[in-house]
Amino acid sequence: MPDTLLIKDSRTNKEYTVPITNDTIKAIDLRQIKVKDDDFGMMTYDPAFMNTASCHSKITYIDGDKGILRYRGYPIEQLAGKCTYLEVAYLLLHGELPTKSQLDDWTYNVTHHTLIHENIKKFMDGFNYDAHPMGMLVSTLAALSTFYPDSKNLFDAEARKLQIYRLIGKIPTIAAFAYRHHLGQPYVYPDNDLSYPGNFLSMLFKMTEPKYKVNPILEHALDVLFILHADHEQNCSANVMRSVGSSQADPFVSMAGAAAALYGPLHGGANEQVLRMLREIGSKDKVPEFVNKVKSGEGGRLMGFGHRIYKNYDPRAKIIKETADKVFEVTGRNPLLDIAIELERIALQDDYFVKRKLYPNVDFYSGIIYEALGFPSEVFTVLFAIPRTSGWLAQWEELLLDSDQKIARPRQVYLGYDARDFVPMEKRG
Ligand code: CMC
């Protein structure tokens with residue numbers, strides 16, 4: 001006997017039996033529930049998708065109550081401790097960890113798509129010196145679509161593979177060029193001898209020396225941060241990637257949409273806000289006063305705290321905190337860390353945060369490391385977008401190959417006027 005849900009409609013006293021699969025009912029099965037035959041039928045009302053699964057997925061698993069995150073079944077702690085970001089990107093996109101030769105091939109292909117067309121460089125030159133790097137990134141991703149008309153062949157596996165190499169390969173280059181433009185410094189072209197994070201550091205920080213010398217501790221720390229940010233199932237930007245992708249737009253413009261969603265302060269923009277907040281607090285002894293302001297609603301939210309899914313410590317925040325210690329051995333301790341630790345200590349003892357299950361999320365400590373690595377805060381969200389590219393693309397490809405999926409198109413509960421007659425200008429107001 002399949003599992004079912006029995007629903008009784010008190011308006012009509014009718015009963016309905018709805019099948020349950022994977023602890024879920026299909027919203028469309030509720031449509032049969034009607035008072036009159038010509039009714040539209042029952043819908044669910046779910047602003048912000050608080051309790052709606054929009055897809056089946058095999059990519060990322062999160063148990064928010066237990067603080068568990070796994071990519072393709074592998075715990076994030078093991079991946080962050082043992083893999084490189086490119087291995088993890090391969091895993092997300094292909095479902096399995098690569099063999100040595102698969103990884104060599106993958107790395108070769110990504111590395112050989114890091115250059116961007118010179119016209120894209122000119123396009124980026126057109127931005128004002130103070131343009132926000134995320135604004136530049138979003139627009140440049142969309143502009144790339146005009147250079148690769150073959151990216152419209154969505155159902156050709158080889159064409160998709162090529163766009164994936166291009167996007168994973170080029171996003172660090174675009175991000176680094178946006179940063180250098182911001183500083184008024186000449187662009188640094190990719191160096192194929194370096195690792196993925198090493199090349200990114202070179203494109204950011206190389207000056208007149210013939211070859212950039214990568215610090216292996218910082219290179220590894222950046223790689224770990226990339227792994228932690230690679231995917232996070234149906235978050236706001238992944239949902240946008242799928243939503244734009246569902247109209248069969250090409251992956252460049254779909255990713256521009258996803259990156260725009262990431263830019264917001266409640267999503268990937270939070271890490272930038274955390275640093276602003278820590279600076280505003282200024283010193284450890286001011287933390288209690290700040291926490292009281294947050295609780296009374298005067299001080300805004302405690303940025304880097306709380307999560308729609310995690311009602312426990314975000315497992316990524318734990319790994320980031322450990323990574324911070326290694327980075328600080330090289331760069332010296334960021335004084336903002338003491339304020340952050342005190343803020344965490346006080347908040348985690350406070351009834352307001354305990355009751356609402358608000359814990360540090362991935363953005364709470366990442367900004368402090370980014371700052372120690374020499375990044376200005378405007379670049380932080382770009383650092384999130386680089387690794388999230390593999391997650392967005394894995395979500396996008398899964399969507400395209402899922403026969404259940406169609407163009408995304410939610411319903412609404414219309415509460416506006418009923419039909420009424422047009423009022424001429426002289427009779428209005
Ligand atoms: N500081 C103070 N109060 C908070 C916070 C916070 N950071 N987050 C949630 N609350 C309170 C909120 O006021 C509400 O209280 P009440 O029930 O009294 O009205 C309750 O907790 C539930 O909040 P919510 O807004 O219904 O929760 P949500 O699931 O819609 O929001 C969130 C999740 C991440 C948007 C939110 O926690 C937040 O704004 N956090 C700060 C921004 C942040 O750090 N964002 C990064 C998220 S992790 C990275 C990513 O996914 O991009």
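Both ligands and their constituent atoms are indexed starting at 1 by order of listing. Note that the numbering runs from 1 along the sequence shown for the chain.
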Student: What is the nearest protein non-hydrogen atom to atom 41 (C) of ligand 1, stated with its residue, atom name and distance?
Tutor: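 Checking every protein heavy atom, the shortest distance to atom 41 (C) of ligand 1 gives F305 O, 3.4 Å.
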Student: Do me a favour and list the nearest non-hydrogen protein atom to atom 3 (N) of ligand 1 with residue, atom name and distance?
Tutor: Y352 OH, 3.1 Å
Student: What protein heavy atom lies closest to atom 27 (O) of ligand 1? Include the residue and the distance to one decimal.
Tutor: R301 NH1, 4.7 Å
Student: Going by the angle between their ring planes, with limits at 30° and 60°, are F200 and F375 parallel, tilted or perpendicular?
Tutor: parallel
Student: Enumerate the atoms of ligand 1 whose separation from the nearest heavy atom of V362 is less than 4.0 angstrom.
Tutor: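 In order of number, 49 (C).
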Student: To check your reading of the model: name the closest protein heavy atom to atom 47 (C) of ligand 1, its residue, and the distance in Å.
Tutor: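 Ranking protein heavy atoms by distance from atom 47 (C) of ligand 1, first comes N361 ND2, 3.6 Å.
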Student: Can you tell which part of H307 has a heavy atom less than 4.0 Å from ligand 1: side chain, backbone, both or neither?
Tutor: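 Both parts.
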Student: To which of V291, I309, L302 does the heavy atom nearest atom 6 (C) of ligand 1 belong?
Tutor: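 Answer by nearest heavy atom: L302.
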Student: Would you say Y148 and L162 make side-chain contact, with heavy atoms under 4.5 Å?
Tutor: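 Not in contact.
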Student: Using ring-ring contact (aromatic ring centres under 6.0 Å, His included) as the criterion, point out the one residue from F384, F380, Y71 that pairs with H229.
Tutor: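 Passing option: F384.
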Student: Is L358 in polar range of ligand 1, meaning some N or O pair under 3.5 Å apart?
Tutor: no
Student: With backbone taken as N, CA, C and O and side chain as the heavy atoms from C-beta onward, which portion of L266 lies under 4.0 Å from ligand 1: side chain, backbone, both, or neither?
Tutor: both
Student: Exactly one of K284, K286, R345, R333 should register a salt bridge (charged side-chain N to carboxylate O under 4.0 Å, His left out) with D338. Which one does?
Tutor: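 Testing D338 for a salt bridge (charged side-chain N to carboxylate O under 4.0 Å, His left out) against K284, K286, R345, R333 leaves exactly one candidate, R333.
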Student: Evaluating non-hydrogen atoms only, which member of N235, D363, D314 is closest to atom 46 (C) of ligand 1?
Tutor: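 The option holding the nearest heavy atom is D363.
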Student: Could you find the nearest protein heavy atom to atom 42 (C) of ligand 1 and give me its residue, atom name and distance?
Tutor: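 Result for atom 42 (C) of ligand 1: M303 CE, 3.5 Å.
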Student: Under the side chain to side chain contact (heavy atoms under 4.5 Å, CB included) criterion, do R242 and S57 qualify, and how do the steps go?
Tutor: CA-CA 12 Å; R242 281 180 174 263; S57 184; 4.1 Å; yes
Student: Take atom 19 (O) of ligand 1 and look for protein heavy atoms under 4.0 Å from it; say yes if you find one, no if not.
Tutor: no
Student: Between the main-chain N or O of L204 and the side-chain N or O of R180, is there a donor-acceptor pair closer than 3.5 Å?
Tutor: yes
Student: Starting from atom 34 (C) of ligand 1, find the nearest protein heavy-atom neighbour and note its residue, name and distance.
Tutor: G306 O, 3.7 Å
Student: How far is atom 28 (P) of ligand 1 from its nearest protein heavy atom, and which residue and atom is that?
Tutor: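 Looking only at protein heavy atoms, the one closest to atom 28 (P) of ligand 1 is R308 NE, 3.6 Å.
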Student: Are the side chain of K170 and the backbone of H113 linked by a donor-acceptor contact shorter than 3.5 Å?
Tutor: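 Side chain of K170 to backbone of H113: a pair is present.
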Student: What protein heavy atom lies closest to atom 21 (O) of ligand 1? Include the residue and the distance to one decimal.
Tutor: R356 CD, 3.3 Å
